[in-house]
**Q** 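I'd like to ask some things about the structure below.
When a residue number appears, it is its place in the shown sequence, counting from 1. Computed from heavy atoms alone, side chains included, the values below leave out hydrogens, waters and symmetry copies.
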Amino acid sequence: MTAVLALAGCGTGTATQTATSSSPAPSPTPSPAKTFTDADLSSIVSTLKDSQGRALTVVPAAQIDQGIIKAKEILKGAVFTPPECNAFADSNAQIPEDSTYAAGTSVSAAENTAIVVTAIALTDAKELTAHLQASRDAVAACRNFTIELAGQKITTEVQQIDAATKGEQSFAALAKQTASSGEAQTTLTMTGIKGNLAATAVKTGTNVSADNAPELAQLVDTILAHG
């Protein structure tokens, strides 16, 4: 069963002014956005470990690209009810153009869970902001919806949860999906943003819950510390 919740976003910074006896001081010039190559982000992801101390396996950029293409092809044939919940296909599981990115995975056979962590950097943080807001809007509007995909109907319940990272912005959501066959899985997604750097951690399994948020927040925060 395919999970359809992967979020990305961005953060905003603030500048302050101090007054003197003569005239207000000029606003400080914003610092230029940090730049990250795919290799830089892969190096950061390679340092991550899951809660069991296992190092995440870095996913090659070519494999990520293939996965994105495959996901888009699959979702082309998906039917969302209500139709407006198609926003999940439009705003999620996508990486903005002109970005650099890297991903890592960890699979636990004992827990029957999988973790995917993605790091994304853009020169323009506003685009990441738009993606994060689209995800918020989609969750708010589509707490319950169905997807007909490859001859199977999947019922999805989504809720935003109260969890945060150390980034300038955070967003977390829990999605429970149940297929017409009776198979069920839960996906917890957490995104944090610092400047033009975003990190998303996704954990999927049969027993995933909001209690797993601290584990994902730690992974996200490790990436954002480089922002």
**Q** T156 and A175: which non-hydrogen atoms are nearest, and at how many Å?
**A** CG2-CB, 4.4 Å
**Q** For side-chain contact (heavy atoms from CB on, under 4.5 Å), just list the numbers for L48 and I223, CA-CA rounded to whole Å, side-chain angles, deciding distance to a tenth of an Å, and then say yes or no.
**A** CA-CA 8 Å; L48 301 177; I223 294 173; 4.0 Å; yes
**Q** If hydrophobic clusters are built by linking Ile, Leu, Val, Met, Phe, Trp and Tyr wherever their side-chain heavy atoms come under 4.5 Å apart, do L75 and V116 end up in the same one?
**A** no
**Q** Could you please spell out the steps behind the side-chain hydrogen bond (donor to acceptor under 3.5 Å, both in side chains) verdict for D40 and T37?
**A** CA-CA 5 Å; D40 292 334; T37 64; 3.1 Å; yes
**Q** When you compare the side chain of L197 with that of K34, does any pair of heavy atoms fall below 4.5 Å?
**A** no
**Q** About how many Å separate CD of E183 and OG1 of T178, when rounded to the nearest 0.5 Å?
**A** 9.5 Å
**Q** Nearest 0.5 angstrom please: T155 OG1 to N144 CG, how far?
**A** 9.0 Å
**Q** Please lay out, stage by stage, how T187 and V202 fare under the test side-chain contact (heavy atoms from CB on, under 4.5 Å).
**A** CA-CA 7 Å; T187 300; V202 180; 3.4 Å; yes
**Q** Supply the atom-to-atom distance Q160 CD to T189 OG1, rounded to the nearest 0.5 angstrom.
**A** 12.0 Å
**Q** Nearest 0.5 Å, what's the CD1-CD1 distance between I69 and I64?
**A** 12.0 Å
**Q** Identify the two heavy atoms, one from E168 and one from G195, that lie closest to each other, and give their separation to 0.1 Å.
**A** OE1-N, 3.1 Å
**Q** Quick one: are L219 and I115 in side-chain contact, heavy atoms under 4.5 Å?
**A** yes
**Q** Any side-chain to backbone donor/acceptor pair from N86 onto P83? Under 3.5 Å, distance only.
**A** no
**Q** So which atom in S99 and which in I120 form the shortest heavy-atom distance, rounded to 0.1 Å?
**A** CB-CG2, 3.9 Å
**Q** If you take all heavy atoms of V158 and A173, which pair is closest and at what distance?
**A** CG1-CB, 4.4 Å
**Q** May I ask you to say whether K70 pairs ionically with E73, meaning some side-chain N is under 4.0 Å from a carboxylate O?
**A** no
**Q** Do T200 and T191 pass the side-chain hydrogen bond (donor to acceptor under 3.5 Å, both in side chains) test, and can you show the C-alpha distance, the side-chain angles, and the key distance before you say yes or no?
**A** CA-CA 4 Å; T200 296; T191 297; 2.9 Å; yes
**Q** Is the shortest side-chain heavy-atom distance between I161 and L188 below 4.5 Å?
**A** yes
**Q** Please determine whether side-chain contact (heavy atoms from CB on, under 4.5 Å) holds for the pair T113 and K203, giving the CA-CA distance in whole Å, both sets of side-chain angles, and the decisive distance to 0.1 Å.
**A** CA-CA 7 Å; T113 59; K203 186 169 187 176; 3.8 Å; yes
**Q** Answer with yes or no whether the hydrophobic clustering places F145 together with V79; edges join I, L, V, M, F, W, Y residues whose side-chain heavy atoms lie under 4.5 Å apart.
**A** no
**Q** Before giving the answer on side-chain hydrogen bond (donor to acceptor under 3.5 Å, both in side chains), spell out for T165 and S170 the whole-Å C-alpha distance, their side-chain angles and the decisive distance to 0.1 Å.
**A** CA-CA 6 Å; T165 70; S170 299; 2.7 Å; yes
**Q** Considering residues, nucleotides and ligands other than Q218, do more than 12 of their heavy atoms fall under 6.0 Å from its CD?
**A** no
**Q** Quick check: do T123 and D98 have side-chain heavy atoms less than 4.5 Å from each other?
**A** no
**Q** How many angstroms lie between atom OG1 of T186 and atom CD of E157, to the nearest 0.5 angstrom?
**A** 9.5 Å
**Q** Quick check: do V107 and T57 have side-chain heavy atoms less than 4.5 Å from each other?
**A** no
**Q** Donor-acceptor check, side chain of T100 to backbone of F36, threshold 3.5 angstrom: yes or no?
**A** yes
**Q** Nearest 0.5 Å, please: how far is CG in L56 from CG in D50?
**A** 6.5 Å
**Q** Which heavy atom of A121 sits nearest to which heavy atom of L41, and what is that distance?
**A** N-CD1, 4.1 Å
**Q** Evaluate the side-chain contact (heavy atoms from CB on, under 4.5 Å) criterion for residues Y101 and D65: first the C-alpha distance (whole Å), next the side-chain angles of each, then the deciding distance (0.1 Å), finally the verdict.
**A** CA-CA 10 Å; Y101 47 88; D65 293 339; 2.3 Å; yes
**Q** Measure across A198 and I193 and return the closest heavy-atom pair with its distance rounded to 0.1 Å.
**A** CB-CG1, 4.2 Å
